[in-house]
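Have a look at the structure below, then the notes.
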Amino acid sequence: MIPYGKQDINQADIAAVVAVLQSDFLTQGPQVPLFEQALAKTVQAQYGVAVNSATSALHIACLALGLGKGDCLWTSPNTFVASANCARYCQAKVDFVDIDPRTYNMCPDALHVKLIDAQRHNTLPKIVMPVHFAGQPCDMQRIHALAQEYGFKIIEDASHAIGATYHNLPVGACQYSDITVFSFHPVKIITSAEGGMAMCNDVQLAEQMRLLRSHGVTHVPAQLDSPHTGEWYYEQVTLGLNYRMIELQAALGLSQLQRLPVFLAQRQHLRQRYDCLLKDLPLQLPVADSMTTSANHLYPIQLNALEQDSSLSRQPSRKAIFDRLRAQGIGVHVHYIPVHTQPYYQTLGFAYGDYPQSEHYYQHALSLPLYHGMTEQQQDQVIEELADVLMVCA
Ligand SMILES: *Cc1c(COP(=O)(O)O)cnc(C)c1O
């Protein structure tokens, strides 16, 4: 089976992890701050706060920005559930902004319309979370301009977008946001097994997130002349969590970060081959906006052939195409089931029909295999099988 995505671990990665196992520090030691500083430098952010997953990073990012009961966070329905769940952890409400059918990212026009309406009803969001779907950056200048006008904060969910650029700056530089979050889950572009990092340029936000990831405990400098404090002394100043990244993860992440340019180049190469070799099939291929480069985490296609009357039984369903490709050993996937249609979000009042662009996109979506270790022969096999199945079913 050719999987849709896969990590790539080499001898240097393994050696980095083994070296930590043989050192004195398994949890808190030098690797975590080294990884934070290296990634901050790579993406041109001031601070990086490493945690045990991007989900945790999104949670403490929301907490640090003051999201709580009575507040609302808006995100895209075309994302993994974690982008919305982080607001629920804070007892806040979640709402969604439909996607642009061209980019599959949050539509700035839809955001504007929804903001005008929310202002009228006094239900403006505290945080808006654009998601750089498939690694393609959102229209951050417009979202940022709306943030200035309507007074909300921005967290970029850049789980797919490490290495992407927007208007000549790396995603993660937070030029148009408060916080940017990356994921290092094995299926993403670089991995630390589990892991995530929140980037920002505000020292207070960074300090707050550091506090929240580790029980809300500070190690205040001991006043050695006081009988009440000493080297043992620490204070819990807020209710924090145990979301720390461990040294083994940081060592792997740091080693993988050295390989990021190679990973990105191979993904770009494969993406361009797909763009070229699929262009005559009845498909909508992912767009590339000028002034941005995608990190090419996914290669999502839209099956245009489904567009025609589905009552004509010769038209394939997405399911038929998916199943046939899987049976041929092609590990296609579907990203994403719109979050508002998940049973949990339906219990909160959302329903099918709420975000028609995301639903239409989902009905026609298929993600083709794309990862660093994929060969051109494997890619040719994917293209051949896809062309076959579209032909057979057409
Ligand atoms: C993977 C992913 C997450 C969650 O990342 P974890 O590191 O697995 O917690 C959040 N948002 C998006 C868009 C993702 O793809």
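For Arg88, the side chain to side chain donor-acceptor pair (under 3.5 Å) criterion is met by Tyr344, not counting sequence neighbours. Applying the ring-ring contact (aromatic ring centres under 6.0 Å, His included) rule to His333 yields the partners Tyr4, His335; only residues at least two apart in sequence or on another chain are considered.
Taking every heavy atom of both residues into account, Cys62 and Cys90 meet most closely at CB-SG, 3.8 Å. Contact between Met245 and Val51 at its shortest, heavy atoms only, is CE-O, 3.4 Å. Residues Ala82 and Leu58 come closest through the heavy atom pair O-CD1, 3.9 Å. Annotation for Leu21 and Leu26: closest pair CA-CD2, 4.0 Å, computed over non-hydrogen atoms.
If you take OG on Ser76 and CG on Asp98, they are separated by 8.0 Å, rounding to the nearest 0.5 Å. In this structure, the separation between CD on Gln31 and CG on Leu248 is 9.5 Å, given to the nearest 0.5 Å. Between the CZ atom of Arg267 and the CD atom of Gln272 there is a distance of 14.5 Å, given to the nearest 0.5 Å.
Counting only residues at least two apart or on different chains, the salt bridge (Lys or Arg N to Asp or Glu O under 4.0 Å) pairs with a member in residues 64-84 are Asp71-Lys126. Every pair tested for salt bridge (Lys or Arg N to Asp or Glu O under 4.0 Å) that includes a residue from residues 45-68 fails, sequence neighbours excluded, so the list is empty. Applying the side-chain hydrogen bond (donor to acceptor under 3.5 Å, both in side chains) rule to pairs touching residues 47-63 yields Asn52-Ser56, Ser53-Ser56, His59-Tyr243, sequence neighbours excluded.
Aromatic rings from Tyr362 and Tyr104 are positioned such that their centres are separated by 6.0 Å or more. Taking the six-membered ring wherever Trp is involved, the centroid distance between the rings of Phe350 and Phe96 falls below 6.0 Å.
Enclosure of atom CD in Glu384 is not indicated, since only 12 or fewer non-hydrogen atoms of other residues, nucleotides or ligands lie within 6.0 angstrom.
Between His112 and Tyr150, the ring planes are perpendicular. Angles over 60° get that label, and only those under 30° would be called parallel.
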Please tabulate, for side-chain N and O atoms in residues 151-165, each donor-acceptor pair with protein atoms closer than 3.5 Å (sequence neighbours left out).
from, atom 1, to, atom 2, distance (Å)
Glu156, OE1, His132, NE2, 2.8
Glu156, OE2, Ser177, OG, 2.5
Glu156, OE2, Thr180, OG1, 2.9
Asp157, OD1, Ser159, N, 3.1
Asp157, OD1, Ser159, OG, 2.7
Asp157, OD2, Ser83, OG, 2.8
His160, ND1, Ala134, N, 2.9
His160, NE2, Tyr336, OH, 3.0
Thr165, OG1, Thr293, N, 3.4
Thr165, OG1, Thr293, OG1, 2.5

